[in-house]
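The structure under discussion appears below in the form of structure tokens.
Read the numbers this way: they start at 1 and go in the same order the structure lists the ligands and their atoms.
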Amino acid sequence: MPKTIKNLVFTACIGLAACGGGQSDRSAVTTPTIPTAPMLRDQTTIPIGVALAVGSFERASSIRYSPQASQLRNLAAHEFSSVVAENVMKPEFIHPQEDQYNWSDGDYLVKFAKDNGMQIHGHTLVWHNAIPDWMNNYTGDWEAMLTDHITTVVSHYSSDISSWDVVNEAFLDDGSVRSTIWSTHISDYIAKAYLAAHAADPDAELYYNDYNIEAMPKKLDAVLNMVSDFRNRNIPIDGIGFQLHIDRYWPSTTQIRQAFSRCVAMGLKVRISELDIRMNPNNTATTLTPELAELQRQRYRDVITAYLETVPYDLRGGITVWGLTDATSWVTGYYHMPDWPLLFDANFQRKPAWTGMSEALIATP
Ligand code: G3I
């Protein structure tokens, strides 16, 4: 169904739903309404992505099991052109036992994405978090175990997933290599991970993904030195994912632009891979006031503009926000304070943050 007709039909359906399907049912007025056109995905030709919760363990955020699953799916499918699994493709959840892979939730996300004309980004193959106990306690051939995990997962999704976060967060902020079970048990593990991923799917774009590389020059130095080393050794890597879990104050867009520029100068693709913008980092607010919402609009606008003005079109891997609504964000549970870091509020309504992103996408093709 062509998108314009799809939107018209969708708008009519939403109109009916919001009115309780035509009945004068007052309870229906509380039904979250899903925004209509123009959608973010229609405002640009680069992937505009969202991290989605899928598993039953992700409870109210899950597009599969939540009581609001259909609203979550509708909003995601209409606003975004790309998806990434917030958790279900991590080793802990996709490979819970050495001889057992759990494909169900990942396959559900892939079908949802394909049914809605969305790209899928794979997150993540190798990380120091979200590791199943059997891996943490492994006593066999570690290199073979990691290679088998990567090969099995990438091969399973090779027809559907076009890019992967192969290794996530392998460096510390000072640029040193993070000590993990992988660095402890496998020499040159990062290179071996990229070789395994490429062997499993030569067509997939392979990213390195991390946080604070936009603000910690030594950390970005370490990442880019790794890329240079990989290129000298013919080890495939295509791009860098800047998570950009940032806040209202830090880092500056100048720092972000400078970091993007260093990657562009090396011909690397650049993804904004996990964008969210905390507005209450010092725990001084209890609600998202109009003033804070306006500051968040400006911050989203400025960060997206920095990306579009700094990264040329052919190197844009896309922009992904790390969650659908403020109610599904990881931030409040992690920092244990109220916050509103995303584009949509708990009732699926567009926030000024959405407007900021839209303004940037429209103003800077
Ligand atoms: O609720 C289940 C519980 O029933 C189960 O026993 C337990 C097993 O570990 O998992 C629980 O789920 C939690 C899950 O989020 C769903 O809410 C996990 O405890 C919790 O660790 C997990 O946190 C995720 C975190 O990565 C660690 O994997 C966040 O949702 C997710 O947003 C966050 O995302 C990371 C990126 O992958 C990498 N970059 C940083 C980013 C933020 O930390």
Side-chain angles (χ1 to χ4, degrees), residues 49-69 72 76 82-97 100 102 104-106 108-109 120-137 149 153 161 163-173 178 180-182 193 207-216 219 223 239-247 251 271-278 281 317 319-337 339-344:
V50 59
L52 294 177
V54 185
S56 57
F57 66 94
E58 296 174 287
R59 300 190 176 95
S61 302
S62 170
I63 65 166
R64 188 178 188 184
Y65 297 101
S66 163
Q68 293 189 311
L72 290 164
S82 174
V83 295
V84 60
E86 185 172 5
N87 287 301
V88 297
M89 291 191 186
K90 294 171 179 173
E92 179 180 5
F93 304 107
I94 203 168
H95 195 181
Q97 301 298 332
Q100 179 200 342
N102 175 11
S104 176
D105 288 330
Y108 181 92
L109 180 67
I120 308 126
H121 179 77
H123 176 81
T124 181
L125 298 169
V126 186
W127 189 24
H128 63 277
N129 277 338
I131 297 172
D133 290 342
W134 74 266
M135 283 187 178
N136 275 316
N137 304 320
H149 173 77
V153 174
I161 291 184
S163 55
W164 282 96
D165 292 337
V166 177
V167 174
N168 188 50
E169 303 174 12
F171 296 98
L172 299 176
D173 284 352
R178 184 188 301 270
T180 71
I181 61 169
W182 310 114
Y207 283 83
Y208 173 79
N209 192 56
D210 215 330
Y211 63 87
N212 285 356
I213 49 177
E214 68 284 345
M216 305 283 185
K219 190 168 194 177
V223 172
I240 306 298
F242 286 75
Q243 292 181 10
L244 288 189
H245 292 296
I246 62 178
D247 65 45
R271 293 183 76 244
I272 294 179
S273 58
E274 306 183 12
L275 181 60
D276 44 34
I277 303 181
R278 297 171 61 206
I319 302 163
T320 287
V321 290
W322 204 246
L324 192 52
T325 77
D326 288 339
T328 69
S329 172
W330 69 285
V331 161
T332 46
Y334 184 82
Y335 290 100
H336 305 295
M337 64 182 74
D339 216 310
W340 316 272
L342 293 170
L343 301 176
F344 299 87

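For Asn129, the heavy-atom gap to ligand 1 stays at 4.0 angstrom or more. The shell of residues lying under 4.0 angstrom from ligand 1, judged by heavy atoms, excludes Tyr211. Proximity of Trp322 to ligand 1 is established by a heavy-atom distance of less than 4.0 Å.
An N or O contact shorter than 3.5 Å links Gln243 to ligand 1 by distance. The distance criterion of under 3.5 Å between nitrogen or oxygen atoms is not met by Glu58 with respect to ligand 1.
Counting the atoms of ligand 1 from 1 in the order shown, those under 4.0 Å from a heavy atom of Arg59 are 1 (O), 4 (O). Each of the atoms 38 (C), 39 (N), 40 (C) of ligand 1 lies under 4.0 Å from some heavy atom of Glu169.
At least one protein heavy atom sits closer than 4.0 Å to atom 33 (C) of ligand 1. For atom 4 (O) of ligand 1, the nearest protein heavy atom lies under 4.0 Å away. Within a 4.0 Å radius of atom 21 (O) of ligand 1, the protein contributes no heavy atom.
If you look at Phe57 next to ligand 1, the close heavy atoms, those under 4.0 Å, come from the backbone and the side chain alike.
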Q | Candidate pair Trp322 and Val84, rule side chain to side chain contact (heavy atoms under 4.5 Å, CB included), full reasoning | A | CA-CA 9 Å; Trp322 204 246; Val84 60; 3.7 Å; yes
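Scanning all protein heavy atoms for the shortest distance to atom 36 (C) of ligand 1 gives His123 NE2, 3.5 Å. Among protein heavy atoms, atom 18 (C) of ligand 1 sits closest to Phe93 CZ, 4.8 Å.
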